[in-house]
Amino acid sequence: MHDIRAIRENPEAFDAALARRGLASLAGELLAVDEQRRAAITRAEGAQAEQNRASKEVGAAKARGDEGEFERLRALVAEKKAEVAAMRGEADAADARLQAMLAEIPNLPLAEVPEGADEADNVEVRRWGSPRNIETPREHFDIPAVQGGLDLPLAAKLSGARFMVLRASVARLHRALAQFMLDLHGGSHGLTEVWAPVLVRDEAMFGTGQLPKFAEDSYQTTNGWWLVPTSEVSITNFAAGEIYEAGDLPIRMVAHSQCFRSEAGSAGKDTTGILRQHQFEKVEMVTLCTPDQALAEHERMTGCAEAVLQALGLPYRVVVLCTGDMGFGAQKTHDIEVWLPGQGKYREISSVSTCGTFQARRMNARFRPEGGGKPEFIATLNGSGLAVGRTLIAVLENGQEADGSVSLPEVLAPYLGGAGQISAEGALV
RNA sequence: GGAGAGGUGCCGGAGUGGUCGAACGGGGCGGUCUCGAAAACCGUUGUGGGGGUGACCCCACCCAGGGUUCGAAUCCCUGUCUCUCCGCCA
């Protein structure tokens, strides 16, 4: 959510930033509505002040038994009251229009974000590791070791397309990955592990920016709760309405949750395998900090996500998203793409964004600056650390051997009863 | 799901129609006293919005939204959250 006062002070800069995102100018329209709104407020408050004055005098007139004055003031109050109601109505309507417009405008890219139209214009920042030389790489669902452990037809029977059933070694590996990530982030990375609801109210979805514009992308229960598309929604909204002390920031959290996405519009992409699911698990990092800490925290969080891939020995690259490819709430985003031998491509496995004060403004999340003073909006960041299902794919595909087995990263052994491999027959050994 | 009790400022807690943005206590901050500290005493202490170059002025907010009234923290309705008991349940 943007600050209308900032737009008022520098409409040209606002429109220029929108243009970088490929959007048309909006400042003129916004300021016109803002003008109407403020004019109506001024008139409403003027009338209200008069009404308040008259109201006070009514009591006094009554007390001294001045019936004539009493009746006159009463009539005056009634008149002002009607005037106030009319003006307030105008002000509220203008305000609602303004809020509705602002609520659908995406965050603006930082100056350092490369300009571009889509994915193709993202800029690679660095690479880590190099892909193994695999003779005839298979996609995860074709690897012999995985055959008994991944049952897509069964999932289809239960739920339809884009769901999965995992069994035995693969189910356990999936769980092991999530546990490993949580332990790593909660341990040496110093994040606080949290657990939060995945069913949330409208307000929470608005706060992080899923509503009002992207209602179609999420599922809603019959009684109105939303199933979160990422626990970023639940966790970032911890801050809603809060005023933190500057000294308490940054607050760094990590959670593991189910995520639900209806993926409207993506039909036809990645239809085989488990890359794109309606329900999946993700380990998510969220940081609440002051705006001037945000960029350093963004790098730190990216590093936390990379550490998971490094520990698992999975080759990846980090790209900075261009202006045209960034999400609604982001000011700057790093995507981390892991090497998938089966596709012979780097594919997104994590997305780390700083939202600046954009979400904080939507959810009224503030902090009191060092040494006191007026509360200011905090900055919020979120990043996957990592998407568990996609990590499963990456581990399986990168570890696949010519004999049909899969070699597993050593760091997972403690979570797998010491196993280091899934045999071609699907057993953990 | 049923029955009941409640939601007041940083915290505790008054306040059931009239000048209450809110008594009182605690906490915080500033000061007096002191070599310093404690104690004591004095003062101060919210958020949002509108207007003005400015000193400053105005409006709103006692969970939220409606309503009654000349006037509501106080009365009515709805929602919401918390607590207690019953039922159900992992």
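Atom set for the values below is all heavy atoms of this structure, side chains included, hydrogens, waters and symmetry mates excluded. Every chain is numbered from 1, with letters handed out A, B, ... down the list of sequences.
Nucleotides rA72(B) and rG65(B) have their C1' atoms positioned 16 Å apart, rounded to a whole Å. When the P atom is used for both rC83(B) and rC76(B), the distance is 25 Å, rounded to whole Å. Distance noted for atom P between rG6(B) and rU74(B): 15 Å (whole Å). With both ends at atom C1', the span from rA73(B) to rG15(B) equals 8 Å, rounded to whole Å. When the C1' atom is used for both rC62(B) and rC75(B), the distance is 16 Å, rounded to whole Å. Taking the P atoms as reference points, rG28(B) lies 31 Å from rU82(B), given to the whole Å. With both ends at atom C1', the span from rG17(B) to rU68(B) equals 11 Å, rounded to whole Å. rA23(B) and rU8(B) have their P atoms separated by 16 Å, given to the nearest Å.
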Take R252(A) and E297(A) through the test salt bridge (charged side-chain N to carboxylate O under 4.0 Å, His left out) and record every step on the way to the result. CA-CA 9 Å; R252(A) 306 184 180 111; E297(A) 288 296 322; 2.7 Å; yes
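Closest approach to the R201(A) side chain among rG49(B), rU47(B), rC81(B) is made by rC81(B) (side chain taken as heavy atoms from C-beta onward). Taking every side-chain heavy atom of T42(A) into account, rG51(B) is the closest of rG51(B), rC58(B), rG49(B). Of the candidates rG50(B), rG71(B), rU80(B), rG50(B) carries the atom nearest the E45(A) side chain, counting heavy atoms from C-beta on. When distances run from any side-chain atom of R88(A) to the nucleotides rG51(B), rU47(B), rA60(B), the shortest one goes to rA60(B). Closest to the A49(A) side chain, of the nucleotides rC58(B), rU47(B), rG51(B), is rC58(B). Nearest to the side-chain atoms of R37(A) among the listed nucleotides rU80(B), rG48(B), rG50(B) stands rG50(B). Of the candidate nucleotides rG50(B), rG71(B), rU47(B), rG71(B) has the atom nearest to the side chain of K81(A).
What separates CD of Q51(A) from C1' of rC70(B) is a distance of 9 Å, to the nearest Å. E376(A) places its CD atom 12 Å from the P atom of rU47(B), with the value rounded to the nearest Å. Between the CZ atom of R361(A) and the P atom of rG48(B) there is a distance of 12 Å, given to the nearest Å. Atom CE in M87(A) sits roughly 18 Å away from atom P in rG50(B) (whole-Å rounding). Separating the CD atom of E203(A) from the P atom of rA64(B) is a distance of 14 Å, rounded to the nearest angstrom. Here rC59(B) presents its C1' atom at 15 Å from CG of D95(A), a figure rounded to the nearest Å. Residue F367(A) contributes atom CZ, which lies 17 Å from atom C1' of rU47(B) at whole-angstrom precision.
In the model, E232(A) has a side-chain atom that pairs as donor or acceptor with a side-chain atom of Q359(A) under 3.5 Å. K282(A) and S257(A) are not linked by any side-chain donor-acceptor pair at a separation below 3.5 angstrom, with hydrogens and angles left out of the test. Q279(A) and R162(A) share no donor-acceptor pair across their side chains, judged by distance under 3.5 Å alone.
In this entry rU34(B) has no Watson-Crick or G-U wobble partner, no candidate having both defining distances under 3.5 Å. Applying the Watson-Crick and G-U wobble criteria (two distances, each under 3.5 Å), rA55(B) pairs with nothing in any strand. As the counterpart of rA39(B), no nucleotide is assigned, since no Watson-Crick or G-U wobble pattern has both distances under 3.5 Å. Under the Watson-Crick and G-U wobble criteria, each requiring two contacts below 3.5 Å, nucleotide rG21(B) is left unpaired. With a cut-off of 3.5 Å on both pairing distances, the Watson-Crick or G-U wobble partner of rG65(B) is rC77(B). rG1(B): Watson-Crick or G-U partner is rC86(B), with both key distances under 3.5 Å. For rA60(B), the paired base is rU47(B) (Watson-Crick or G-U wobble, both distances below 3.5 Å).
Of the charged side-chain nitrogens involved, none lies within less than 4.0 Å of a carboxylate oxygen, so that E104(A) and K213(A) do not count as a salt-bridged pair. Salt bridge present: R8(A) and D34(A) bring a charged side-chain N and a carboxylate O closer than 4.0 Å. Using a 4.0 Å cut-off between charged nitrogen and carboxylate oxygen, R37(A) and D92(A) do not count as a salt-bridge pair.
OP1 or OP2 of rG51(B) lies within a sub-4.0 Å distance of a side-chain N or O belonging to R38(A). In terms of phosphate contacts, R43(A) brings no side-chain nitrogen or oxygen within less than 4.0 Å of OP1 or OP2 of rC59(B). The shortest distance between the side-chain N/O atoms of R368(A) and the OP1/OP2 oxygens of rU47(B) is below 4.0 Å. For the pair R366(A) and rG48(B), the criterion of a side-chain N or O lying under 4.0 Å from OP1 or OP2 is met. OP1 or OP2 of rA60(B) lies within a sub-4.0 Å distance of a side-chain N or O belonging to Q48(A).
Along RNA chain B, the nucleotide nearest to I243(A) and the one nearest to E50(A) differ in position, and the one closer to the 5' end is contacted by I243(A). Comparing D92(A) and I41(A) against RNA chain B, the residue whose closest nucleotide sits nearer the 5' end is I41(A).
Not less than 6.0 angstrom separates the ring centroid of H278(A) from the ring centroid of F260(A).
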